[in-house]
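Have a look at the structure below before the remarks.
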Amino acid sequence: MTGYTVEGGRKLSGDVTVHGAKNAVLPILAATLLADHSTLLNCPSLTDVNAACNILEHLGCSVVREDNSITVSAESLADCIVPEHLMREMRSSVVFLGAIIARCGKARVSMPGGCELGPRPIDLHLSALEKMGVVVEEEHGYLNCTVPDRLRGATISLTFPSVGATENIMLAACTAEGETVIHNPAREPEIIDLANFLQKAGANIRIVENGTIYIRGVKALRGVEHRVIPDRIAAATYLCAAAVTGGDVLLREVVPAHLFSIFPVLEEAGCSISHVGGAVRLFAPKRPAPFRCIRTMPYPGFPTDAQSPVMAVSCLAKGTSLFVENIFENRYKQAGELMRMGARIKVEGKVAVVEGVAKLHGASVVCTDLRGGASLCLAALAAEGKSEITDIRHIERGYQDFDKNLISLGAIMEKTEFPL
Ligand code: EPZ
């Protein structure tokens, strides 16, 4: 099994260019189903992006990838069914549902199933689509969606600002009849990037001050060229890599405003952060200060995806840190593996208490999920001695060139084949 061998104990320094956002490119790839030809720029090379392209090709699109651009031609679709093996390749493939229904008037997708973070329900997606005229029947693990009449606009109030549900509603609403209003939508930058793509493609979308989204259906969308925003979570992860090793790192091609809930957290740890234009620099203290209380929240609050990278920093803090994970029910799986490296972590439901130690020691650890796996690498970079990190397929879902970038910052690590 492929993994990383890491020799820890070195400060990271230098600069890294941050890749395009996984969580922006995935819904926008689904949106390309609504137009004829679209080209996306700044697309990251990730296994989740590969999975999304596989779904598009299965549906009958032609997908051409050149460096970090992806061109999708969706003039004629051959299918509106996404089989289980493709749905299971990527948990968030449910975001294709709204676009397939909008384009084909029906869809048959395998239930996305759960993932390492918990059951990942899609009740908010389905109840919204039903309000728009979709009939959903669940049968043997598949969702059979039909539209007996026409997709029609509806006023939808989300009980939770679900990112995926907001995206599915937006994709179904662009060519529906009449107006769709989404109250309490997700407000992540990735939602705005999707809205920008759709507006460029001719959709009639308005997002007002309080976040409510108004979409008036149009007949059809046209293909466009769109540059995907930078990945704010990858950026946060590299900032944490500098913070946990006492380093000095410059990130290029980021949007500082997308990190405004991350900066104060790392400044609380004693890091000094400056940003000019699209570059952010973090200079870390030798040993971080603890985090009084990190609560994960929907955007613009502290993002759940940055919780585990920041937890890696807290393991070496000069004191005790408190985490409250409000978004997912099972997002501390990295704690057990961090404890194998000497971390002192107590998890009680949504709460994790991390008592900082002066040193971590290298160990063999297993990635549990995407961001948890990244946090193990960060801890290994700061630990004394060698670590072996396996099951890095989780990391390759969401970080392009993760090892190459860390090595360019001075990390001693390499990809290694471990016996199964
Ligand atoms: C998106 O997942 C991201 N994935 C996640 O990033 C991110 O952690 C999450 O939003 C929150 O920001 C992509 O964009 C591809 P949600 P999504 O719907 O859309 C509950 C990463 O590491 N919920 O906002 O699945 C759900 O169970 C990934 O890059 C319902 O109860 O997140 C969860 O507790 C991980 N019913 C909470 O809402 C529903 O119908 C947040 O889910 C939908 C969601």
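As the structure lists them, so they are numbered: ligands from 1, and atoms in each ligand from 1. Computed from a prediction, not measured in an experiment: that's the story for all the values here. Below, each value reflects all heavy atoms present in this structure, side chains not excepted, and no hydrogens, waters or symmetry copies.
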> Picking from N54, V94, V109, what satisfies side chain to side chain contact (heavy atoms under 4.5 Å, CB included) with V82?
Replying inline: V109
>> As an exercise, identify every atom of ligand 1 less than 4.0 angstrom from a heavy atom of F160.
In response: 37 (C), 38 (O), 41 (C)
Is there any N or O on [X] that sits under 3.5 Å from an N or O of ligand 1?
| X | answer |
| --- | --- |
| L370 | no |
| P161 | no |
| D123 | yes |
| S162 | yes |
| G164 | yes |
| S92 | no |

>> Would you call the rings of H19 and Y399 parallel, tilted or perpendicular, taking 30° and 60° as the class edges?
In response: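 Because their plane-to-plane angle is over 60°, the rings of H19 and Y399 count as perpendicular.
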> In terms of ring plane angle, is the pair Y238 and F402 parallel, tilted or perpendicular, where the classes change at 30° and 60°?
Replying inline: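 Because their plane-to-plane angle lies in the 30° to 60° range, the rings of Y238 and F402 count as tilted.
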> At a non-hydrogen distance cut-off of under 4.0 Å, which region of R371 contacts ligand 1 (side chain, backbone, both, or neither)?
Replying inline: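 The answer is the side chain of R371.
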>> Side chain, backbone, both or neither: which applies to K22 and ligand 1 if a contact is any heavy-atom pair less than 4.0 Å apart?
In response: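 The answer is the side chain of K22.
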Among [options], which residue places a heavy atom closest to [atom]?
| atom | options | result |
| --- | --- | --- |
| atom 7 (C) of ligand 1 | L194, D305, L126, I327 | D305 |
| atom 12 (O) of ligand 1 | I122, L158, N330, V163 | V163 |
| atom 43 (C) of ligand 1 | A24, A165, P121, A374 | P121 |

Measure across [X] and [Y] and return the closest heavy-atom pair with its distance rounded to 0.1 Å.
| X | Y | answer |
| --- | --- | --- |
| I395 | C377 | CD1-SG, 3.6 Å |
| I389 | A380 | CD1-CB, 3.9 Å |
| C145 | L97 | SG-CD1, 3.9 Å |

>> Determine whether a donor-acceptor pair (N or O, by modelled atom type, separation under 3.5 Å) exists between the side chain of T212 and the backbone of V208.
In response: no
> Looking only at protein heavy atoms, which one is nearest to atom 17 (P) of ligand 1, and how far off is it?
Replying inline: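 Nearest neighbour among protein heavy atoms for atom 17 (P) of ligand 1, to 0.1 Å: R120 NH2, 3.7 Å.
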> Are H226 and S38 close enough, and set up right, to give a side chain to side chain contact (heavy atoms under 4.5 Å, CB included), and what steps lead you there?
Replying inline: CA-CA 8 Å; H226 179 79; S38 298; over 6 Å; no
> Is at least one protein non-hydrogen atom found at under 4.0 angstrom from atom 20 (C) of ligand 1?
Replying inline: no
>> Does the residue R331 have a heavy-atom contact with ligand 1, meaning some pair of atoms that are separated by less than 4.0 Å?
In response: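 Yes, R331 has a heavy atom closer than 4.0 Å to ligand 1.
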